[in-house]
Amino acid sequence: MNPRLLVGGLFGASAGLVLLSAAAGPAAVTAPARAVAIVALANPRGLAADRAGNLYVGDVDAGSVQKISPSGAVSLLGSTIKDPIGLALGPDGALYVADADDNAVYRLVVGAPPVALGSAAGGATFSTPAAVAVNAAGEVFVANNGNNCILRVDRAGGVSVFAGKAGSAGSADGPGSAARFTTPRGLAIDAAGNVYVADEGNSNIRKITPAGVVSTLAGQADQSGSADGRGAAARFAGPRALAVDAAGSIFVADTDNHTIRKITADGAVSTLAGRAGEAGAADGAAAAARFSEPRGIAVDAVGNVYVADTGNGAIRQITPAGEVFTLTAAGKP
């Protein structure tokens, strides 16, 4: 069964909108939990989901950030951001955006222009920021990919190095400036305030406590691969995005493996969907699905995982049952 809802029948004729659901795949699947529409989807990277079920997408080719409601209504939050590569929602309901090209981090709300945080307007603090995460107190954390550290922006706008040392790459664990990262790419934060880092250059996942102490949660520095397992026994290949659910499980866009991985609260790593080393666009259940260079990930309040499947120019959904659906594929019939 391959049901499709075309935008002309549901939203009325509207150029540029394509709505797909339950694309054909190698395994039998049930109807998806939702369907969304995206305007001018070209190169999706940043992804976020809020408690109300709204999905936020940063499209780096279009230079836009879009908000899509569960019913498919689209709002344009930002159309002047060059490279919205990382998105995160704050407790104030605002969306925070890492703009890698402009070396800036912005705060976005519907109907208002972007507001630059800290000293971003002058480009003096941020260096190719690749991801953002916001804690319950409203502090913003930034994966400063260009100089290998994690920054913190306090509520007053002050920017400081939270972990690592600017300009010094490495893989050392330890407190604050004693730790080292190598091109950190993805960030997520849990309910306890722990910050998780997809340390792309080291092909591992790091954990930073609220006090700034860094440890390696899963994987091993400079040893890429695709093995499942606990802690240091697991392997990743260029992970670039993270999301955390209400239970504290971490979801990883394992980009170079073309898979989605899951890390439980006790550090056990498994492959949630896709097969390592096999790029593709197939829908289906778990290992039957295929992705191509996934670079963004988000999880909603009921456990659906959303993936910016960048190599396919699409948004994918993984249901709590492990079934993968293609929600959008702009311009594809």
Side-chain angles (χ1 to χ4, degrees), residues 47-49 86 88 130-133 135 141 143 150 163 171 173 179 181-210 213-277 286-287 289 291 294-309 316-322 324:
L47 204 59
V132 288
N135 68 13
F141 297 86
I150 308 302
S171 59
D173 290 335
F181 302 88
T182 300
T183 58
R185 180 74 67 165
L187 287 184
I189 193 164
D190 67 16
N194 296 298
V195 177
Y196 299 92
V197 183
D199 197 3
E200 180 195 17
N202 284 315
S203 284
N204 61 9
I205 308 302
R206 315 288 291 280
K207 176 182 178 180
I208 315 173
T209 68
V213 178
V214 179
S215 61
T216 300
L217 177 69
Q220 194 161 340
D222 301 322
Q223 295 191 26
S224 63
S226 59
D228 290 336
R230 191 177 302 277
R235 295 290 183 270
F236 302 88
R240 298 192 184 186
L242 301 176
V244 179
D245 70 10
S249 294
I250 303 160
F251 298 89
V252 184
D254 197 5
T255 306
D256 293 347
N257 277 323
H258 310 292
T259 57
I260 305 303
R261 314 288 291 282
K262 179 179 180 179
I263 310 173
T264 60
D266 62 357
V269 179
S270 60
T271 300
L272 180 67
R275 187 180 295 275
F291 301 87
R295 297 183 182 220
I297 197 164
V299 60
D300 68 16
V302 296
N304 291 294
V305 176
Y306 300 95
V307 180
D309 193 10
R316 315 286 294 281
Q317 177 188 0
I318 309 172
T319 70
V324 178

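Quick caveat, the model's predicted, so the values are computed rather than measured. When reading the values below, keep in mind they use all heavy atoms of this one structure, side chains included, and skip hydrogens, waters and symmetry mates.
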Regarding Thr271 and Asp228, is there a side-chain donor-to-acceptor distance under 3.5 Å anywhere?
yes
Which pair of non-hydrogen atoms, one from [X] and one from [Y], has the smallest distance, and what is that distance?
| X | Y | value |
| --- | --- | --- |
| Asn257 | Phe236 | ND2-C, 4.0 Å |
| Ser249 | Thr264 | OG-CA, 4.1 Å |
| Ser203 | Ala237 | OG-CA, 3.8 Å |

Taking [Y]'s backbone N and O only, do any of them form a donor-acceptor pair with [X]'s side chain (distance below 3.5 Å, no angle check)?
| X | Y | result |
| --- | --- | --- |
| Asn202 | Asn204 | no |
| Thr255 | Pro294 | yes |
| Arg235 | Gly229 | no |

Below 4.5 Å, heavy atoms only, C-beta onward: do Thr259 and Ser226 meet side chain to side chain?
no
Assess the residue pair Val244 and Leu242 against the criterion (side chain to side chain contact (heavy atoms under 4.5 Å, CB included)); give the C-alpha distance rounded to whole Å, side-chain angles, the decisive distance to 0.1 Å, and a yes or no.
CA-CA 7 Å; Val244 179; Leu242 301 176; 5.9 Å; no
[X] [atom1] to [Y] [atom2] distance, which is reported to the nearest 0.5 Å:
| X | Y | atom1 | atom2 | answer |
| --- | --- | --- | --- | --- |
| Arg240 | Asp256 | CZ | CG | 5.5 Å |
| Leu272 | Ile260 | CG | CD1 | 7.5 Å |
| Phe291 | Arg316 | CZ | CZ | 5.0 Å |

